[in-house]
Amino acid sequence: MSIKNQAAKGVMWNTIERFSTQGMQFVLTIVIARILSPDDYGLVAMLGIFMAVAQTFVDSGFGNALIQKKNRTEVDYSTTFYFNIVISVFIYLLFFVSAPWISQFYNQPKLTLIARVYGILIILNSLASIQMTRLTIALDFRKIAFASLLSVSVGGSIGIWMAYQGYGVWALVWQALFGSLAWGGGLWILARWMPKFCFSWTSFRTLFSFGSKILFSSLLHTLYTNMYSLVVGKFFNASTLGYFNRAYTLGLFPAQNFANIIQKVTYPIQCRYQDDDERFNQIFVSYLRIAGFVLFPLMAGLAVLAEPVITLLLTEKWLPIVPLLQIICMSMMWLPMMQANVSVLDAKGRSDYHLRSEIIKKILAVFILLSALPFGIEGVCLGMLVYSVTDLIVVIAYSRKLTSIGYRRQLKIFIPSLLLALAMGGIVWLATWYIASPAGKLIIGGVSGVLFYGILAYLFKFQELKMITSFFKKGEKFYHISA
């Protein structure tokens, strides 16, 4: 099968995986959120930074290292598999012992037992990480989609049942644990890979030389993204953290899922063409074009229609998150562009550039967060928006050294779609100004926004429309159009 056909098939199944599983997860979350309180979500969110950091250490950048490596072997896979298990057990034991201190930090006595049970996820997730990596390298997102659907179905069913039975926060804990068990089991069955009884220090050192820089970069990014929950949980109450967590999750949902769909397919292909600069740059530019064209209007529309969306999905008790969600939407619309530029650094084997850029970005991030904190929770969200732009500026400074696609070229790519999306947001706001019904606002606003954006994109002959259609036509490669 050609690279083009593999990519098209990969995008199709990755899209199915993300939007079917994440869509199902989203619906299940809405159902559970209608039953549980913001405090329940706040308690789990307090553990977010510790769990995310633990997972980062378990992977240690080895997944990216395996994808980037040209001549990977079974010894490489087995070495990484055993390393993941050993480090996950060690980190869980550390997490188990530290649980009382985490509880004391937040002044939440319940957290000790919750942390010790919830932390089992660290071990469960490590057991199937290599199966996931192998399927990603093979662009076999169909099997990943099946495993993910199984995970969401099992975990969601358990979560809803426990929420209705009055188990409160434990519904979220067991939903995650059973979901992880189903996901891991599905990947083991579908990937049909078993580790060999071998461990190579030579292989470990080779993978770690690249992965260690990814580890520290990912660690900095993980600390940053979860730092908000840590700070909000410490300086505000659990209810405020629950509101912030829901707003952040809703704003992140479309941006992260879209970014992951494209990145999971393009990153392995970029690694294959890392020595072919012309083709590599064509793929990169196409990623940027599609990301802006699709995500800018989606996030602008969600920001304008935030109030009816929250009212219909979560009920009026969650309305305080509306202004937070609107700001976060403006922040998250830049996420795919940031990830695209970071992927350039990794695919080209310059994990040192990745690490340097993360160090600079996260120093600025801490400064921005501390400066925003006195302005309350809305100020914290505005700080996220400022950081998003800062992040993009810094990472482009490094990616342009490898692609020669710098600020001016990327602005030229972004600006048309951004201006059209902002104009669409204005049209949606005007179209829904006199409508009182939340459902009416959502329907009229959504239809008017899609029609306005689609018609003007067609009239102004946006290349992205042709790129999207040509990508799925046999014999055409979408990245040729963007050259």
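Both backbone and side-chain heavy atoms feed into the values below; hydrogens, waters and symmetry mates do not. Model, not experiment: these values are computed from the prediction.
- With values rounded to the nearest 0.5 angstrom, Cys381 atom SG is found 5.5 Å from Ile327 atom CD1.
- One finds the CG atom of Leu345 at 10.0 Å from the NZ atom of Lys401 (value rounded to the nearest 0.5 Å).
- For Val173, the side-chain contact (heavy atoms from CB on, under 4.5 Å) partners two or more places apart in sequence, or in a different chain, are Ile114, Val117, Tyr118, Trp170, Leu177.
- Not counting sequence neighbours, the partners of Gln104 by the side-chain contact (heavy atoms from CB on, under 4.5 Å) test are Trp101.
- Between Trp174 and Phe178, the two ring planes are tilted [angle within 30° to 60°].
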In residues 295-320, what donor-acceptor pairs under 3.5 Å come from side-chain atoms, sequence neighbours left out?
| residue | atom | partner | partner atom | Å |
| --- | --- | --- | --- | --- |
| Thr311 | OG1 | Glu307 | O | 2.8 |
| Lys317 | NZ | Arg34 | O | 3.4 |
| Lys317 | NZ | Leu36 | O | 3.2 |

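- The shortest distance between side-chain heavy atoms of Pro100 and Arg116 falls below 4.5 Å.
- Not counting sequence neighbours, the partners of Ser126 by the side chain to side chain donor-acceptor pair (under 3.5 Å) test are Ser88.
- Judged as a ring pair (Phe, Tyr, Trp, His ring centres under 6.0 Å), and not counting sequence neighbours, Phe50 has no contacts.
- Listed by first then second residue, pairs satisfying side chain to side chain donor-acceptor pair (under 3.5 Å) with a partner in residues 341-352 read Gln263-Ser343, Asp277-Lys348, Asn341-Ser399, Asn341-Gln410, Asp346-His354, Arg350-Asp352, not counting sequence neighbours.
- Annotation: side chain of Met332 is in contact with side chain of Met384 (closest heavy-atom distance under 4.5 Å).
- For the side chain to side chain donor-acceptor pair (under 3.5 Å) condition, no pair includes a residue of residues 157-166, sequence neighbours left out.
- Partners of Thr240 according to the side-chain contact (heavy atoms from CB on, under 4.5 Å) rule, which considers only residues two or more places apart in sequence or in another chain, are Val232, Phe236, Asn237, Ile377.
- Among residues two or more places apart in sequence or in another chain, the side chain to side chain donor-acceptor pair (under 3.5 Å) test is passed with Tyr387 by Lys362, Asp391.
- Residues Arg400 and Ile405 form no side-chain contact, since every pair of their non-hydrogen atoms from C-beta on lies 4.5 Å or further apart.
- Looking only at distances, a side-chain donor or acceptor of Thr56 sits under 3.5 Å from a matching main-chain atom of Ala52.
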Run the side-chain donor-acceptor check on residues 438-458: report pairs under 3.5 Å with partners two or more places apart or on a different chain.
| residue | atom | partner | partner atom | Å |
| --- | --- | --- | --- | --- |
| Ser448 | OG | Ile444 | O | 2.8 |
| Ser448 | OG | Gly445 | O | 3.1 |
| Tyr453 | OH | Phe293 | O | 2.8 |

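- For the side chain to side chain donor-acceptor pair (under 3.5 Å) condition, no pair includes a residue of residues 411-432, sequence neighbours left out.
- Here OG of Ser129 is found 12.0 Å from CG of Leu124. Values are rounded to the nearest 0.5 Å.
- Counting heavy atoms from C-beta on, the side chains of Tyr248 and Tyr228 never come closer than 4.5 Å.
- Taken from CG in Leu288 to CD1 in Ile413, the straight-line distance is 5.0 Å, to the nearest 0.5 Å.
- In summary, the side chains of Thr403 and Asn281 do not present any donor paired with an acceptor at a separation below 3.5 Å, with no hydrogens or angles considered.
- Here Leu172 contributes atom CG and Leu43 contributes atom CG; the two are 9.5 Å apart, rounded to the nearest 0.5 Å.
- Applying the side chain to side chain donor-acceptor pair (under 3.5 Å) rule to Asp40 yields the partners Ser37; only residues at least two apart in sequence or on another chain are considered.
- The side-chain heavy atoms of Ser357 and Tyr353, taken from C-beta on, include no pair separated by under 4.5 Å.
- Ile360 is listed as a side-chain neighbour of Tyr398, based on a closest heavy-atom distance under 4.5 Å.
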